[in-house]
Enquirer: 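Got a structure here, written out as structure tokens. Questions coming.
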Amino acid sequence: MQAHPFSRRNFLLAGAALGAVTWLGAPAVARAASPHVLPPLPYPDNALDPVISARTIGFHYGKHHQAYVDNLNKLVAGTPMADMTLEQVIKTSSGVADKVGVFNNAAQVWNHTFYWNGMRPKGGGQPSGELAARIEKDFGGYDAMRKELFTAASTQFGSGWAWLVDDAGKLKVVKTGNAENPLTRGMKPLFTIDVWEHAYYLDHQNKRADYINAVLDKLVNWNFVAANLAR
Ligand code: MN
């Protein structure tokens, strides 16, 4: 039997291989059409403990992220969107009244894959090189950028995301509600923090600020952020 290049099996193998190396751009899953698959985590499920415990990963990655993948596949099956990449589905369904469900699930698949890859065990610290220079130029330094990111993440009312983005050559911090993603506003995402309660409630309960501070200081994968900026 001839294997289709985007067959589920090949795709899982490609995903597993990618999981072992540095993330260098959009997730492999984003380049393939449906069925979309849950990409592997780039670290063991207890690697971010105690900021993000294995229990949280079990629900957040194993249940929530997986459910977005499964729901998306059901919603696009048999439609023209079944042949689109994840990013094409997001851009095509954004703002379309009868495609809200498709958009929400597709964007949440993308957002979560991006979120997981933006962190690593023993991350945090400060960026270097070109990324540090751009932060210096557009924010006036790491501290000012960190403060903006913290404020965006802590003041997002209800569910959503805080992002570091490249907006037409200028680095900015933005926040989005629910599943919204800066890609639909022509911005290039560089890093994100999930501030839905499911991201932090098991480990930090109502203390969203503790979770945000810990992610920024201990988990940010600046190599991932720099690679996004460079692509
Ligand atoms: Mn989430």
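Computed from heavy atoms alone, side chains included, the values below leave out hydrogens, waters and symmetry copies. Residues take their numbers from the sequence shown, with the count starting at 1. As the structure lists them, so they are numbered: ligands from 1, and atoms in each ligand from 1.
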Enquirer: Using a 6.0 Å cut-off, check whether atom NZ of K218 has over 12 heavy atoms from anything other than its own residue.
Expert: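 Not more than 12 within 6.0 Å, no.
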Enquirer: Going by chain and residue number, what protein N/O/S atoms come nearer than 2.8 Å to the Mn ion (ligand 1)?
Expert: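 Under 2.8 Å from the Mn ion (ligand 1) - ignoring waters, which are not counted - the protein N, O or S atoms are H60 NE2, H112 NE2, D194 OD2, H198 NE2.
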Enquirer: Please list every donor-acceptor pair under 3.5 Å in which a side-chain atom of residues 130-138 meets a protein atom from a residue at least two apart or in another chain.
Expert:
from	atom 1	to	atom 2	distance (Å)
R134	NH2	G169	O	3.0
D138	OD2	L171	N	2.9

Enquirer: Do T113 and H65 have side-chain N/O donor and acceptor atoms under 3.5 Å apart?
Expert: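 A donor-acceptor contact under 3.5 Å links the two side chains.
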Enquirer: H60 and ring-ring contact (aromatic ring centres under 6.0 Å, His included): which partner among W116, W196, Y201, Y200?
Expert: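 Only match with H60 under ring-ring contact (aromatic ring centres under 6.0 Å, His included): W116.
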Enquirer: Show, in sequence, the C-alpha distance, side-chain angles and deciding distance for R185 and D167, and conclude whether the salt bridge (Lys or Arg N to Asp or Glu O under 4.0 Å) test is met.
Expert: CA-CA 9 Å; R185 288 140 67 178; D167 183 12; over 6 Å; no
Enquirer: Would you check if there is a donor-acceptor pair between the side chains of K175 and T155 at a distance under 3.5 Å?
Expert: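 The answer is yes; a qualifying pair exists.
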